[in-house]
Amino acid sequence: MGFADSPPQDGAWGNPPTPPRGLPEIAVDARTRGFLWPGEPIGGREFAEARHSLFDGAFTWPVMTARRSALDHNIATLARFADRHGLAFAPHAKTTMSPQLVRAQLDAGAWGISAATPGQVLALRSFGVPRVLLANEIFDRGALRLLAGEIGCFDFLCYADSVEGVRVLDEMAGDVPFRVLVELGHPGGRTGCRGQDELLAVARAVREAQGTELAGVAGYEGTHHEAAEVRGFLRDLARAARTLAPQTAGPMVVSAGGSSWFDLVAEELAPLTGEPGVTVVLRSGAYIAHDDGYYAEHTPYNRLEGELRPALEVWAQVLSVPEPGLVLAGMGKRDVPHDIHLPFPRAVRRGGRGPAEPLTGVTVVKVQDQHAYLDGDAGLRPGDLVSFGLSHPCTAFDKWRVIPVVDDDDIVIDLINTCF
């Protein structure tokens, strides 16, 4: 069963109905990066049913793959974590913007899906997502005009951290008010009110406007780097929630959570779920693919029992070994994330054939548009195929429009697409 073929299931926490089926068919042709398909276009379902090996000639290099067993494991792991702690889960779609993976998260019980931009909200609506939390402020009048006409057909929440933001929402509202979470921030952080007094002033503006209603509070703890700072911020958020709870219109939503501190989010905010009408919403996103770099270092599963598994890798060919200790691979900034760490060489297929063997003693030291510079002596030669692990999945998925999904034998069993 592929991601797009999995049967719908009703999720926990009072989910809206499962989104409608009938996503656009993926098509593969000569323009599809990573695929070697010079003939007539072929549908993604038909391509996947052929069960190509990643190495049987249906692909060209570089190509990024997603491992199905790791994706399934990670989706199930965070769904269990949220359920065990009584949290609603709205995984952040900005990581993948893949309709197939969003559907898999909803089928695993997600309460809704988070977005970062108005464009992502509209894309998620086109996927049929029934509840979207825009974890950001919105001033885009064109998008608000469209969304105002959609409210009533789906559940939409957004942030405000200023009176100006409330005024725009009020101006653009239709017959149904926009449901607003007042965002708490911290000095030197990202968006969000700087302190309780400012938060209460914005909440008052939300309550007084005709086109908005106060739905709760939200924040992002990930701009802190120490556990004590994270706990302090989350306690401030909990205090704000308790202050505003009597003023919200209907049940209250309290939301936080990236992929680095969701254990502390559960510890500090889950107690709020014992209060009447409070839903605590976790918004982790990068967890779905995890990685071999930043999140491998920062995942809460370094502190908790269990694990997340890296799902993404890029295969690229060695193009040149022009001098001792220098290897050039055909992979660069257009293919791999490079904003936090450079890719990590993991395995090699000598001459592009035969079994993969572990690759050690080699480091990527620089990437250009289409080249990666490797330093080290592991006997790499032109034509070798090298597997690279990645760091920061949020800047990996956006580089690929169609991604082959492989099983643990590197057989392509599905395709997913991205909509950035």
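The ring-ring contact (aromatic ring centres under 6.0 Å, His included) contacts involving residues 365-410 comprise nothing, where partners must be two or more places apart or lie in separate chains. Applying the ring-ring contact (aromatic ring centres under 6.0 Å, His included) definition to pairs two or more places apart or across chains, those involving residues 255-310 are F81-F262, F89-Y287, F262-Y301, Y294-H298.
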*Run the side chain to side chain donor-acceptor pair (under 3.5 Å) check on D161 and T191 step by step: do they pass?*
CA-CA 7 Å; D161 71 354; T191 53; 4.8 Å; no
*Could you please spell out the steps behind the side-chain contact (heavy atoms from CB on, under 4.5 Å) verdict for L282 and L78?*
CA-CA 10 Å; L282 181 68; L78 258 289; 4.2 Å; yes
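A donor-acceptor pair under 3.5 Å is formed between the side chain of R125 and the backbone N or O of V129. Using modelled atom types, no side-chain atom of N136 and backbone atom of Y159 make a donor-acceptor pair closer than 3.5 Å. Side-chain atoms of R349 do not come within 3.5 Å of backbone N or O of A356 as any donor-acceptor pair. The main-chain N or O of L36 is never found under 3.5 Å from a side-chain atom of T60 such that the two would form a donor-acceptor pair. Here the side chain of Q370 pairs no donor or acceptor atom with the backbone of G330 at under 3.5 angstrom.
F35 and F47 have perpendicular rings, their planes meeting at more than 60° on a 0 to 90° scale where under 30° would count as parallel.
Results of the side-chain contact (heavy atoms from CB on, under 4.5 Å) test with V412 over T65, V405, V406, D56 single out V406 as the only residue that passes. Each of D291, L342, T395, L312 was compared with P337 under the side-chain contact (heavy atoms from CB on, under 4.5 Å) criterion, and only T395 meets it.
The side-chain contact (heavy atoms from CB on, under 4.5 Å) test applied to A245 returns M252, not counting sequence neighbours.
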